[in-house]
Structure formats: structure tokens, C-alpha cells
Amino acid sequence: SSDDTASGGDACGNKIAFFGALTGPSAALGINENNGVKLAVDKYNKENTDCKVELVPLDSQGSPDQAPQLAQKAIDDTKILGIIGPAYSGESEAAGPLFNEAGLVTITPSATRPSLSEQKWKTFFRAVGNDFSQGPAAGNYIKNVLKADTVFVIDDQSAYGAGLADEVKKVLGPSVVGSDKVQGDGKQVEFSAVVTKVKAANAKAIFYGGYYQEAGLIRKQLTAAGITAPLVAGDGVNDGAYITSAGAAAAEGTILTCPCQPAAEARGTFVQEYKALNGTDPGTYSDTAYDAANILLAGIKAGKTSREGLLEFVKGYSGEGVAAKYKFVEGGELDPAEVKVWAFKVVGGKVVPDQEIPKS
Amino acid sequence: MEAVPTREPLLEVDKVTLRFGGVVALNEVDFTLYKGEILGLIGPNGAGKTTCFNAMTGIYQPTEGQIRFRGQKISGKKRHQITKMGMARTFQNIRLFPEMTALENVLVGTDAHNKTSVISALFRLPRYWKEERESREKAERLLEFVGIRGRLHEFARNLSYGEQRRLEIARALATDPALLCLDEPAAGFNPAEKEELLQLIRQIRDTGVTVLLIEHDMRLVMGVTDRIVVLEFGKKIAEGLPAEVRDNPKVIAAYLGVPDDAA
Amino acid sequence: MLLEIDDVSLLYGRIQALHGISLTVDEGEIVALIGANGAGKSTTMRAISGIRPVASGSIRFNGEDITKLRADLRVRRGLCQAPEGRGIFPGMTVLDNLDMGAYTRRDRAGIAQDLDRVLNLFPRLAERRKQAGGTLSGGEQQMLAVGRALMSRPKLLLLDEPSMGLAPMLIQQIFDIIVEINQQGTTILLVEQNAQQALARAHRAYVLETGRIVKSGTGAELLHDPAVKEAYLGVA
Amino acid sequence: MNFDDLFSNFGTYTTTGLTQGAIYALVALGYTLVYGVLRLINFAHSEVFIAGAFAAIWTWNGFGLDQNSQVSGIGSIMFYLLVAMIVAAIASAGTATVIERVAYRPLRRRNAPPLAFLITAIGASIAISEAFGIWTRRRPEGAPILVSQDPLFHIFGVPIDAVQLLTLGSALVMMIALDLFINRSRVGRGIRAVAQDANTAALMGVNKDRIILIVFIAGGSMAGVAGLLYDVRIQTLTYSVGFLLGLKAFTAAVLGGIGNLRGALVGGLLLGLIENYASGLFGSQWKDFAAFALLVVLLMFRPTGLLGESLGRARA
Amino acid sequence: MTNVLEKVRSGREAAGERWRGAPRWVRWALLIAVIAFFYALPNKEFYQYLGPIPTPGANFTQVMFTVSIYVLLAVGLNIVVGFAGLLDLGYFGFFAVGAYTVAVLTSPSSDLKTLWPWLLAVPVAIALTMVSGVMLGTPTLRLRGDYLALVTLGFAEMIRIGAVSSEFLKGQRGFNQIPHPPGEYADGKPFFGVLDARPYYWLVLTVIILVVIGVRNLTHSRVGRAWISIREDEDAAQLMGVPTFKFKLWAFAAGAAIAGLAGALFAGKQNFVNSQNFELLNSIIILAAVIFGGSGNIVGAIVGGGLVAYMIERFRGIELLGVELYEYRFLFFGLVLVVMMIFRPEGLIPNRRRAAEFKDRRKEVTVGE
Ligand SMILES: Nc1ncnc2c1ncn2[C@@H]1O[C@H](COP(=O)(O)OP(=O)(O)OP(=O)(O)O)[C@@H](O)[C@H]1O
Ligand SMILES: Nc1ncnc2c1ncn2[C@@H]1O[C@H](COP(=O)(O)OP(=O)(O)OP(=O)(O)O)[C@@H](O)[C@H]1O
Ligand SMILES: CC(C)C[C@H](N)C(=O)O
Ligand SMILES: [Mg+2]
Ligand SMILES: [Mg+2]
């Protein structure tokens, strides 16, 4: 739902929009981000009571099918100067051309599919690392920390999940003893065949590329069948919703990666402020989204109240946020030097930071 | 009843046997239908008359034997091909197109010989216009002929039983058959109506159509047929001129019973 | 009065098939209903048995107003119809079909007895007791439909063209059966195209034309009525 | 194609396939019954199933059990299973009844064409499914682990667990009971009669509405039990799973021969097996593909399913 | 309640009667006015005066494009379901075939790398969908009624899964940079751009008009009668000389071709096509649209397709008590289907055939009584 506590335009009437899933099967991650953006706008408006910025939430439900329509809606509203999002890779793919054509700047805090930056969209910016960093990191963690020499790799065939799994496989090489693909989007709930395969492969670790809903079900069914090998998964699973889906007992010990740092480590008073506004702890990408919003807001503050102006501003931006330092290189990627990948672990029914992983 | 005008065979049923599991519905049935005649096919209930029709029109394949129509074997032919060859039928249990009007039901029949293709219909080429006009005229003529012209635009579903039977005949005639097979067309008619039907069948024959008639009403059968074939338990037990058949003791025993009704 | 129909009209969509029909059937009678194709005979039967709602008028059965009663409840009160077009359950065996006739009955012994009676009446059915109803020949189905109606032991039996599709020998037989069960106490309302036979056996009869009763009288009267003769018996 | 995987795990694929198939079969019965009597693909039957599955979970929640609870003691496990089964059956049968009353009966009264029924069925299905989705905020609900999936014993080296026994056992028992009911009882005969010719059945004294209600209740209860078994096996329930499961169950019904009760069983089990074998052979993502491919191929050779139609008439 | 309904019905019928009774030129004028209205509709200068009709939560022109695609699909499916009586639950599968054909032939992400222009790919897409219609139809059209329904549904699902899982069709990763239809303004800007949906809408609208004329011609001919006779009684149709299999295949192929065309138009506008565009629910929505509007009637199908697609989009941006109704759109959609069917089981604008029936009845009465 879209309660706009942070909104409130005025004479200036400038707006920014968040583009991502706020409802639907993978909404948890989108809500994390939207809350971060909300905080940024809220703070901005408190400081600039004379010229506020309104936040427009655009709920894509994570579906590429909805994305072009929604992008068009954002483009039609000429007061919208920039977009935080799209949050997922699939919808980014579908909406990107429209934003590019309209010259409406987008900063995604989370869509990690590498090829997004290769489309020659001049409006695309990514505030996190991509799966070329996350994938190898996850693979290295499995190899070096878990020391698993037999790994079973599963993915959900999504734009994001399949790509990530491929990167992991590249790093693990021959230790991948089996792999399988499942259907995402809530289309599959019965994974007995996967379980059978994992069991037969006698894997010491399992990697899953996809989103938290399916990951939870797979973990649950693996555990029920007596498989105790740890599950490793990427940022798409990195949320408490995964634990709800898998059940606390089964989820325990799962390793989750993210090309980001723990939100709890964010600098300054971010964590407290976030909690005060949203009533929950920040989740994966809450801080990145907050930072991305701040980049746009900084531009607006600097008087870049046209789309071209803001786009130029973002392109040339360089500065420090609560999660990282931001500077965009070619294709809109975050400066590789600034990319960090972290591993998290489910302990006691909570996702807690485990350690930073070297990227290669 | 004078004898058959020509002896040119139109339909030859040649030692046809048809079994359903244990039931032998037709047992070496053998008869010939000549051009221009009206042949009656009679026999007790369950004797195999309808089954014989079904074998002729391609609904069942004979277990043994052959059926030849205009010298060609029927077996292996598609149902619609058999119709195009010139055989048409009505059904004992009425099978109209219930949600089509009487007119359209007949038009489907006329379409059997029309050639309008999807392309010429799509672009309304001249052939389309010509065939539509001719078909419509023909259909109206046929409805007039069977006496339900007034119900042109009525859905077939809404016609009474008797009207539906008439429509079935009109639709069958619309396919320009050489042979018209009528399965108990008079069922559900009262004697006066049967009288009309008798006239109708004669008229049909007079337009050059050969008629094969299944009917239980002996007055009608005697009144209209040129020859009669009698089946019992799937076997042919008699064949001949109406008067001969009527007096055949076998037929009386198997079928007619006390001959008061047949008078 | 077992059955009393008063001023019944009936519509099919916008077509009015019955225009204020009134007729009565007394306990123990055979009443015949004759008329041309489309006159509304079957429609009258449908109104009585309740598969078609009437637009106006009333139907009383056995002293009770059944105008608005559901069809199956009318059967429970002893009113049974053998429908036009036979209504055989095609996927059920001959025996199952006959059993369905006795659906509302609970007296096992009586049912068994009636089953024997029907199978005796129609030995062909006995022969085919396991055959699916839908594969019977037309005449066989007709026997089954009549036999099934007998199985319900109705007070009033509605027969819609019971002789249709039957061989001459059987027609004779069917009419004999009708008289016989009538003598055993079943009242009968009979629709027949075989008007000669029907009128000869009916106590009373009605003539229907385009949804209206145009004539009534005893069977013998109508049998000799010249107009009826011409219209329905054919000029013999 | 991974024949290795298929052959080395053939036993496990078989047992899991049969278990899944048993659930399909139970749901398929509801489709087959309603189809047989009303000639209607009751699309809303998937939601009848979902209602039972949720009812079971909520019953456990009512006893204070959530997905993280551990229950021990055969007595209390049996108790929880039994209570939930009854509640699920009632909830499903109730949902089915409501659907029949609200969505289908008015159409019957109006003599609506068959396609209209299909659309109300679809409409009812979408609406109910969405209602569950909104109610559960589109989140999955976890079920407590009541029955352990640790192997009880091995047959030819294939582990067999209690969930599998429970599922297959209940499905078989329910199915035999239903078969006897339809083929041996008077009401069963009434059901078959309405299936073939409802008007004539009314002329025989059969109360059509009552028969239809019975059919919905019978099919509904089966679906409810299937819902419970699903919960026990999968341990998680999302509002949207009904659609695909329902589709599979209907596929199973058609595979076996729609309107044919035994066909539903055969079709369900076959479908479960094929899905699992295909998962092994081609990968899990091809599982549903295999299910539908099986359907297409089988119908090409047997246009009325494996065992043919029986409740209603074979279409002429 | 029934009274009101009765009144509505008689009012509608009266309107229908008047329409049929009106002189030819009046009907033409009205028709042209309606068509002109729809051409004008996506212009903001026009629709801003239309009160609640424009969608508040989404770009109205985009919505109209979606609506027009659904209308086109409904017109195509109506041939299959409404006329030939073949229950096709997987119609959207053909739409997918059309869209994918264009994608594979034109997109740089395709393995083929043919990079055709859009226009060249369209006839191939239509031909290929027709072929796929025939390929699906040949083995399955022997099946009757609901078996066919399930097989077609299975087919659509197989296409979707195939698209998700096969390397060649790129799954969710999809195809991007699919080119647009050709054409330039005087100043060299492309006529079919990314942001303005109007040209696409106009294109589809024009296609719809042409397709409707074609379908109308077919149904008023031997071909249409063959379809309807098959729907009514297939056996009897065969015995009346209708090559039923051939005409069923034609119905299937014609329906498929229209869906393929719709898919090609969609891909040309969308720029990006992936497996998530082809959910099973879409097939069901279109079927619902056809029957909702009145199956067997072209106008009914158009109205049904338009209303259903519009209805779903209309919920976007409406808030009630702080919740956006868009989330509840399918709940409402489902309820509307149920309620509508209960009150108008024959669809909003039923069969023209019934109208003919009434007309001639009127004549009968004046003659007979
Ligand atoms: N599909 C079938 N399966 C089994 N028996 C069948 C089948 N079709 C017909 N029969 C049997 O074959 C015999 C011949 O039936 P047919 O319909 O040809 O009789 P008929 O001569 O037309 O009788 P009627 O005058 O009563 O219509 C009947 O005894 C019937 O029961
Ligand atoms: N289902 C229906 N819908 C619309 N009109 C119908 C329907 N059934 C019958 N009719 C019409 O009602 C009138 C009376 O039909 P009915 O079947 O009662 O005639 P009938 O006297 O039994 O004739 P027959 O001797 O031909 O059986 C006929 O004009 C018929 O067209
Ligand atoms: C929100 C994130 C988990 C999204 C994911 N990284 C993607 O690319 O789709
Ligand atoms: Mg016969
Ligand atoms: Mg009648």
C-alpha cells in the first residue's frame, strides 16, 4: 500500500518516484527500498519546508509486464524528475528503453543483472555492484569459507537468478556436481524432484539464484527430507521474508550474499532514523535506496529541476552516502572500487552480517 | 404398382455383416437399389434398419461385405464425401442444428455443392454473390415444398417434432441427392399428415431422386414404395413388390401380426 | 377428479404455445389428446409433469394445487411421464434405466415384481438387459421408455406418443398394455398420432389446435366426428 | 537429458510421484463429479481445495501450532490430523456449496448456455483466490511439521516415509468409498441419471438440485482432505497455488477419462509419476511441460482418456 | 429487481430494433461517428472532456493500446469459440507465437541475429502462427468440447514454459530492442516512437476494422454457416456434406492468424518481450471477454474485449480508504464476471441470430393474426 507520509508537494512541486514491487510475491525487498527513499525525502522536506519534494511510489509488483505502463505513467508526469529503481532486473529491462527515450534519470539501488549497463541507455545508473561481483564472491565463499567441494546449483530462470547462478558456476567449476532449474514467480511450490537430485548428488552446499519465496520453500523441503547441507543464495533471498517462508528451524545457517554492505553498518544515524520513521529495522538495500534518493535530492537542491539537468547532475555526481561512496563510471555502473560484497547468515531466526567477501 | 422403370443399380449392399460385440446387427444383408425407385426397408424393432443406414452413410464400417454407391465403394470414404457423391439422409432421432434458423439449416445442405472458398468469402468475390443468391432461392423453394416456408427464420430448436421432421427432409434434399434415405420420417405424424408426406415422397421421386424409406406405418409403405426389403434379426427375410411382401407369411409372422392394421 | 387443468397458458420465450387450456382426467380413465404437429400436445404434457413452468392458470392433482410444484415432487405424488423423444439414459444399462423408473419407491419386493412384469411384457428388453440404453434401436428405446414409466406405479401415467417408432405388431401390443394397466387401476393421459387406435380405447378425448382445445367428447364420439376424421384420421 | 539421474533415483521419483499423484487424484474427483453431472469444468474447484488447505492450517494455528512448532506423541499427532481433516473437509464442502448456490444455481434457473457457466466458474475462482490472497496478504502460511518425512522403511532400497503412506492410504480409502457410493447406492444412481439427462431424471422423481448439492459436497470433502494432505506434505501454503494444482488435477481427470472416478485415480497417479520422471530426465523446469505434453499425446491416441467417460454419456 | 432488468432489456432491445429499422444512411452515419470517436479518443485534447472515462492511474493512451490489442484478440477468439464452437482456453499461446516470431527475427538479443525490420517480420509472424494453429489443430481437433479446451490450455502453457526454459527463447531475460513499425514525420522523427502510444493505437484500430470486415464476410457465407453447423451438431454437419475437419482447421488457423498479428503489433510497440508477458491468465481473460460480450457476435466480442481490458486497468490509481484498488482488481473482475453472467448469461450483446428471429416473428404475427 502507498501511505505517503513523506510526500507533500508545494509551489515547487518537484517529485521523484520509487519504482519497484510494493505488493506481490516479492514485495518485501521493494518495501525495504521504498522505506529508505521515504526517509530520504522526509528528511529533505523537513529541511526545505519552502520547496518540498514529493515521493511517488510506483508499484510494479515486480512484473516486467506492468513495467512499461508504469514507466509511461512516470514519464507523463513532467514533475517527476528522477526515479529510484526499477528495483528488479526484469522490470528494468522492460522499462529502461522508455526512460532512456524520455531522458528521465533512474538510479537503481538493487537491480544487479550485469547486462543492464550494456544497453546504451544514457539514463541508467546503478548504486550497487552487479552480479559479476556478487556471483564470484558467493562462489568464493562456498569454496573458501564453507570449504564445500560438492555443490548443487539451482536457479529460477529469471533475468537475475539465472545470471547469478551462472557466475557462481563459473567460479566453482568442477565442484558443481549437479544443477536444476525451477519456476519462479510463485509458479512452483513442490520441489520433490529437486530434493531427490540434491540428495543423490550428495552435495555439501547448495546455491540458489532467485528470490526468497521459492528459496524458502526449497530450504524447507530439503530440510524435511533430511538434507542439512547449507543453502547459499544471493541478494534476492536476503530478507527476513525468507525465514518466514522456510521456517526458522530450516532457515538456520543459510548464507546470503549481497553486493552491498549491511544496512546496520550504515554510517551516522541512518538506522535510528529509519526505525523511527518506518517502525522496522532497515533491510537489504534500504540504505542504498536512501543514498540513491539523496543523490537525486541533492541535484534538486542544487537547482537541477529539469530532467536534463538532473541527468547531467547524476552523471557527474561524486559523493559519500551512508552505505558507500558513489561515483558512476561508463554505462552507469558504480565505480568498481566502491563495490563491496558481504555475506550474511541466518542465526537465531534473523539475518545477521557474517563477513565481507573478497570479490575475486 | 408398376415395375421398376430402369434397372440401373444405384446402391448395392453386398453381403454386409455388422457386429457390435456380441450383437449381430446385420447378417449378410444383400440388396440392390435401382435408380428412380422408392424402396421400403421394413422389419421389427431392432432388426437392423437404422444400422444399415449408418453403414451406408459412413457412420459405421461394415465388419464384412461391401456397399457400393454409383459403382464406387463406400468404405474408407469420409462422411462428407459420401454426401457429395449424392447420398443424403434424415435421422430417426432428429439431428438438426438447433441454434440455426430453418433457412440456415437448409442452406448448410445447399452448401454441400457450393464452392465458395474462404478466400472468395473473405473478399466477397463474384462467386460468393452468385452462390449465396442461388442457395437462398433454392432453400426457400425447398421449405415451401415441405410445407414450412412460414417458419423460415425460426430456430430449429423451437419447431415442433413434426415440423422438425419436415425440416430434416428439406435439408437433406438441399444437398441435391441422387439417393435420399428417410429413417421413419412419418414418426409423430397423424394419418392426415402421413398422407401429405406420401405425396411429398412421390414428388421427390418425380424430381428424379431415388428414395430409400424406413417406416413402420404400413399404409404409407404400401402406398408409396415400389419394392420392399424386409429385415429380421439383421437378416433379409423377404424382398419383393409390396403386395407380395404383405402376403408373405414369414413377414406376417415376424412383423405385421394380425393384418388388420395393414389393410 | 384426479387431474384438473384450468385455463393454462404456456410460453416458450415469446412464443405462446398454449392459450388457456382446460381439461380434466378422472380417476380410472384413459383420456386421449390428439392434434396436428405443433398443436401443443407435448407442451401440455410438459406443463402437467412440471418440466416447463406455466405462465398462467392452475393445475390440480388429486385435490392439491401443483401448479408451482417441482417436477420431481410431482412424481412422488404419483404423476409420471414417459417423455416424447423417449429420454433414455444413454449411458445406463437397460436394467439401470428401469430401476430409475422406481427411483421414488422403497418397496423392494414390489419393485422386483414390477421389473419382472415389464421384462415379460417386452422380452426384447430382457434379452438386452445389460446393453447401454443409448445403443438400443429406436423401437427398443421406446419399449424401454414405456417400461420405465410403468416401473414407477403412478396414479396418473402420461404417455407421449408411446407407439411412435414401433413395428405394427408391437403397436397392437402397446395399446393392449395400456388398456391392461388402466384396468389394473392406473389412470392414463395419452398423446397419440395413431388417433384411430387411441380414440378406440380412450374413455374421453380432447382435440388440440394451435394451443387451444377445440373439441372434446368420448372416444367413440370423436372417432366418428367427420371433422376429426378428415383432419386426423386421414381419408381412409 | 539426464538418464543417469532418472535411473539412479528411479525409486524415489516413483514414490514421490505417486504421493503427489494421490493429491491430484483426490482433487480430480471433484472435477470429474461436477463435470459428469453438470458438464461444467468447475474452475472454482481449485479454490475449494485451497479453502480446505487454509482451514487445516488455521485449525492448527488455533491450537497454538505454527510452522516452528514441534509436535510429538502419536496420540496428539493423530488428534491434530483428524481434527484438521474434519475441519478441512467441512470448509471445502462448505465453499463448494456456496459456489454452487451463488454462482451456478441462478444460471441453471435461467437455462444459461454452457459457456456462461464456464465464465462464472472462472470468475468465482479468480474472486475467491484473490480474496484468500488479500486475506493472507499474499504471503505463504507455514504448517507445523506433524508427520516426519524421515524414512520408516525401505522397499528395494527406496525409502518410504509416513507422509507418503498417509497420503496414498487416505486417497485410496476415500476413492473406494466414493466409488461404492456412486455405483451402489440409490443416490448414486440418481447422480448418474442426472448426469445423463437431467430433465428425464426429474421425470423419474429425482431432485436435481439435491443431487447437485450432494455432488458438490462429495467433491468438496475430497478436495478438503487433499488440502490437508498437501499441508502435511509441503508444509507451506500460498493462496495462489490452487490454480496450477487445480489445472493439474483437471488434467488428471481428463487423462483418466473425465466423468470416470477410477480414471481420476489412474490419471492422478500417472500425472504425478510423469512429472517426477520428467523432472529427473529434463530438469525440474520441464515438469509442467511434461504434464501437458502427456495430456496432448495421450488424447491423440485415446480421445476420451485412458478409461473413457462413464458417469455421463460418452459424447456421441 | 427483475422489473428493472426487464426494463433495461426491453430498452436495449428497442434500441436494437430501432438500429435495424433505421435507414441505411443513418446506420452508416452512426457507424462512422463511432469510428471517428475511437480515432479521436487517445488525444488528450479530446479525452480530457470525457469525465471519468480516462484512467487516472495510468497513461490513457497506453491503456487504450492495451484495450485495442484485447479487442483484436477477442475478435479472433470469437471465430473459434463463438462461431465454430471450439472451446479454446489457450488462445494467448498464439499471441505469444506471433510476438516471439517478431522478437526472434528482429531483436539483436536473438541468436539468429537476422535483425529484420518489423514490417518484414509481421507476415512471417502471421504465417507462423497460422501454421502453429494448424499444427496444434491437426492432431487435436478430433477431440470434442472440453477435451479440446484443456489441450489448448496445455498448449499455451507449454509455449510459456518453453519460452521460460529454452535458451533460444531467452526466458525471462527476454528480447530487447525490438524495432518499431516504419514511418517518419516530415521532420525525420519516427512516427512510431517509444513514448507516444497513439500511433500504435491507431494502427491497431485500423487493423481491427479491416479484420472485422473480413470476419463479417466470412461469417455471412458458406464458411460461417459451416462453422455454426459444426458448433451445433458436428455429426449432422458431416452428413450434410460439411468437411468439418477442414473448416475447424480454418477456424483455428484464422483465429490463430489474428492472434499472431496482435502479437506482432504488441512486440513492435513493446520493444521488450519476455516470457512473463504470456501468463495463462491472459488466455482466460480473453475467453471471458468474448463470452462476457456475447459469443458468436462480432460486436459483442469487441465490446467484451474492450470492457474487460479497460475494467482491469480502470482500477489503477483509484484509492478507497487508503488502499489502492488496483491490488483488488482481479477480485472485482472475478465478481463482475459472476454477477454479469447471472444477469446476462447470453452476454452483453448476444447473437445477432436472435435478433433476426425476433424480426421475422413480428412479421408472422402481423400476417397471421
Ligand atoms: N452401438 C451398438 N452397440 C450394441 N448394439 C447395438 C448398437 N447399435 C445398435 N445395436 C443393436 O443392433 C440392433 C439393430 O438396431 P437398429 O437401430 O438398426 O434397429 P432398427 O431396425 O432401426 O429398429 P427400429 O425400428 O426399432 O428403429 C438392435 O438390437 C440394437 O440394440
Ligand atoms: N423448446 C421450445 N422452444 C420454443 N418453442 C417450442 C419449443 N418446443 C415447442 N415449441 C413450439 O410450441 C408449439 C407446440 O409444440 P409441441 O411440441 O407441444 O407440439 P406437439 O403437439 O407435441 O406436436 P408434434 O405432434 O409435432 O409432437 C410448436 O409450435 C413448437 O414450435
Ligand atoms: C531487490 C533485488 C533482490 C533484485 C535483484 N538483485 C535483481 O536484480 O532482480
Ligand atoms: Mg431404427
Ligand atoms: Mg409432441
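Computed from a predicted structure; not experimentally measured. Numbers restart at 1 for each chain; the letters A, B, ... are given by sequence-line order, proteins then strands.
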Counting only heavy atoms closer than 4.5 Å, note whether D:Q67 contacts chain A via side chain, backbone, both or neither. side chain

Side chain, backbone, both or neither: which part of D:S8 has a non-hydrogen atom closer than 4.5 Å to chain A? neither

Sort D:Y230 into side chain, backbone, both or neither according to what part of it lies under 4.5 angstrom from a heavy atom of chain A. side chain

Decide, yes or no, whether a salt bridge links A:R113 with A:D131 under the criterion of side-chain N to carboxylate O below 4.0 Å. no

Side chain, backbone, both or neither: which part of D:R233 has a heavy atom under 4.5 Å from chain A? side chain

Identify which of D:S284, D:S279, D:G283 forms the greatest number of heavy-atom pairs closer than 4.5 Å to chain A. D:S284

To the nearest 0.5 angstrom, please state how far the CG atom of D:L172 sits from the CG atom of D:L269. 7.5 Å

Within a 6.0 Å radius of atom CG on A:D149, are there more than 12 heavy atoms belonging to other residues, nucleotides or ligands? yes

Please check if any side-chain donor atom of D:Q20 sits under 3.5 Å from a side-chain acceptor atom of D:N276, or the reverse. no

Looking at D:R138 and D:E130, is there a salt bridge between them, counting it only when a charged N and a carboxylate O are closer than 4.0 Å? yes

Please test A:N32 against A:Y285 for side-chain contact (heavy atoms from CB on, under 4.5 Å), starting from the C-alpha separation and ending with a verdict. CA-CA 7 Å; A:N32 282 343; A:Y285 295 132; 5.7 Å; no

Contact class of D:E141 relative to chain A, heavy atoms under 4.5 angstrom: neither

What part of A:K199 is in contact with chain D, defined as an atom under 4.5 angstrom from a non-hydrogen atom: side chain, backbone, both or neither? neither

Under a 4.5 Å heavy-atom cut-off, does chain A meet the side chain of D:I234, its backbone, both or neither? both

So which residue, D:N68, D:T19, D:D66, D:V163, ends up with the most heavy-atom pairs under 4.5 Å with chain A? D:N68

Shortest non-hydrogen contact from A:Y160 to A:G234? OH-C, 3.5 Å

